Amino acid sequence: MPTTTRTDAARHETRALLRAHLAAASGYRHLTRHCPVCHRLLRLAQEAADAVPEQNAS
């Protein structure tokens, strides 16, 4: 069960970082698909989401 809590915390932190980044970039002509920060945060969120089913299967 601690693994799930760690995964949930990582997912929460990643989402918070993405929200903060988008809030800071909202005043600019921000293109999410070309932004390296958005791209990295999206990949981190997907990795965390993909890790949950693997852990529950074992």
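Every value quoted in this text rests on a predicted model; they were computed, and no experiment measured them.
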Rounded to the nearest 0.5 Å, what's the gap from [atom1] on [X] to [atom2] on [Y]? Could you check?
X	Y	atom1	atom2	answer
Cys35	Leu22	SG	CG	8.0 Å
Leu17	His12	CG	NE2	9.5 Å
Arg19	Thr14	CZ	OG1	10.5 Å
Leu44	Arg15	CG	CZ	13.0 Å

task = Identify whether Val37 and Leu42 are in the same connected component of the hydrophobic contact network (ILVMFWY, side-chain heavy atoms under 4.5 Å).
result =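 No.
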